[in-house]
Amino acid sequence: MEQEQKWIRDIVRHGSKKAADALVRAYYDDIYTFVYRQTGNREDAMDLTQESFLAALRSLHAYDAKKAGFRTWMYHIASHKVIDMRRKRKVQYFSIEDYDIEDEKDFIEDIQNKELLHAIEEFVRGMEPQVQEVFRLRVYGEYPFPEIAAVLSQPEAKIKAQYYRLAARIKKEISCSYET
């Protein structure tokens, strides 16, 4: 995107706050959605989105458009922010009163889906950071393998192998956990 590159140049060369604001506005919703899908918490998603943009703006001079698009680079940064948060965070409990139960079937499905997502997240969290990032970019960011390979500077075949190996391990681990 030509406008995006102009904003980046203006930020790097002149410290333009107007360009920084425009760049953040252009990608804020995408990054927020990406982070929210992983955290399921609005406040965490807002905090991590803000941290991601601050980190990006601080290191914008190191951004290389030849390696990846700005959006992809932002997903990369946001993915690391989520990984860092999960490392630091302890289990948080919620009150059952927070739920308005109108349809018991929907409520039970919601709980089961959250349990499954939590189990998958816990399993993935135990993997090395690059494997976590491949998973997050593919599942939550819905990135194609060639773009993930570009942002991580790895061969596409290696990225696919990591992803499919992890998917098989998740399937095996989760199916074992849910067998009665």
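Worth knowing before you read on, the calculation uses all heavy atoms, side chains too, and leaves out hydrogens, waters and symmetry mates. Index from 1, following the sequence.
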Kindly indicate whether the side chain of [X], heavy atoms from C-beta on, has any atom under 4.5 Å from the side chain of [Y].
{"X": "Met127", "Y": "Arg169", "answer": "yes"}
{"X": "Ile120", "Y": "Phe135", "answer": "yes"}
{"X": "Met85", "Y": "Asp44", "answer": "yes"}
{"X": "Val134", "Y": "Leu166", "answer": "no"}

Query raised in the report: By side-chain contact (heavy atoms from CB on, under 4.5 Å), which residues pair with Leu54, not counting sequence neighbours?
Result: Gln50, Arg58
Query - Those residues that, when tested against His80, pass side-chain contact (heavy atoms from CB on, under 4.5 Å) (two or more places apart) - result: His76, Glu133
Query raised in the report: Who passes ring-ring contact (aromatic ring centres under 6.0 Å, His included) against Phe34, sequence neighbours left out?
Result: Tyr75
How long is the span from the [atom1] atom in [X] to the [atom2] atom in [Y], to the nearest 0.5 Å?
{"X": "Phe123", "Y": "Glu173", "atom1": "CZ", "atom2": "CD", "result": "5.0 Å"}
{"X": "Met46", "Y": "Glu51", "atom1": "CE", "atom2": "CD", "result": "12.5 Å"}
{"X": "Ile83", "Y": "Glu128", "atom1": "CD1", "atom2": "CD", "result": "10.5 Å"}
{"X": "Gln132", "Y": "Leu137", "atom1": "CD", "atom2": "CG", "result": "11.5 Å"}
{"X": "Asp29", "Y": "Thr49", "atom1": "CG", "atom2": "OG1", "result": "9.5 Å"}
{"X": "Leu57", "Y": "Leu23", "atom1": "CG", "atom2": "CG", "result": "6.5 Å"}

Just jot down the salt bridge (Lys or Arg N to Asp or Glu O under 4.0 Å) partners of [X], sequence neighbours excluded, or say none.
{"X": "Arg71", "answer": "Asp30"}
{"X": "Glu121", "answer": "Arg86, Arg136"}
{"X": "Glu142", "answer": "Arg37"}

Please tabulate, one pair per line, all N/O donor-acceptor pairs under 3.5 Å involving side-chain atoms of residues 63-70, not counting sequence neighbours.
unit_1: Tyr63; atom_1: OH; unit_2: Ala68; atom_2: O; d: 2.9
unit_1: Tyr63; atom_1: OH; unit_2: Phe70; atom_2: N; d: 2.9
unit_1: Asp64; atom_1: OD1; unit_2: Lys66; atom_2: N; d: 3.0

Report task. Before giving the answer on side-chain contact (heavy atoms from CB on, under 4.5 Å), spell out for Thr39 and Tyr140 the whole-Å C-alpha distance, their side-chain angles and the decisive distance to 0.1 Å. Result -> CA-CA 11 Å; Thr39 63; Tyr140 298 116; over 6 Å; no
How close do [X] and [Y] get, counting heavy atoms only, and between which atoms?
{"X": "Val35", "Y": "Ala78", "value": "CG2-CB, 3.9 Å"}
{"X": "Ile11", "Y": "Ala20", "value": "CD1-CA, 3.4 Å"}
{"X": "Ile159", "Y": "Ala149", "value": "CG1-CA, 3.8 Å"}
{"X": "Ser52", "Y": "Ile77", "value": "O-CG2, 3.6 Å"}

Query - Pairs flagged by salt bridge (charged side-chain N to carboxylate O under 4.0 Å, His left out) wherever residues 11-23 is involved - sequence neighbours left out - result: Asp21-Arg25
Query - Pairs meeting criterion side chain to side chain donor-acceptor pair (under 3.5 Å) with involvement of residues 145-167, two or more places apart - result: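 Qualifying pairs, neighbours excluded: Thr72-Glu147, Gln130-Gln162, Gln154-Lys158, Glu156-Lys160.
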Query raised in the report: In a check of side chain to side chain contact (heavy atoms under 4.5 Å, CB included) between Leu48 and each of Val82, Asp84, Asn41, which one passes?
Result: Val82
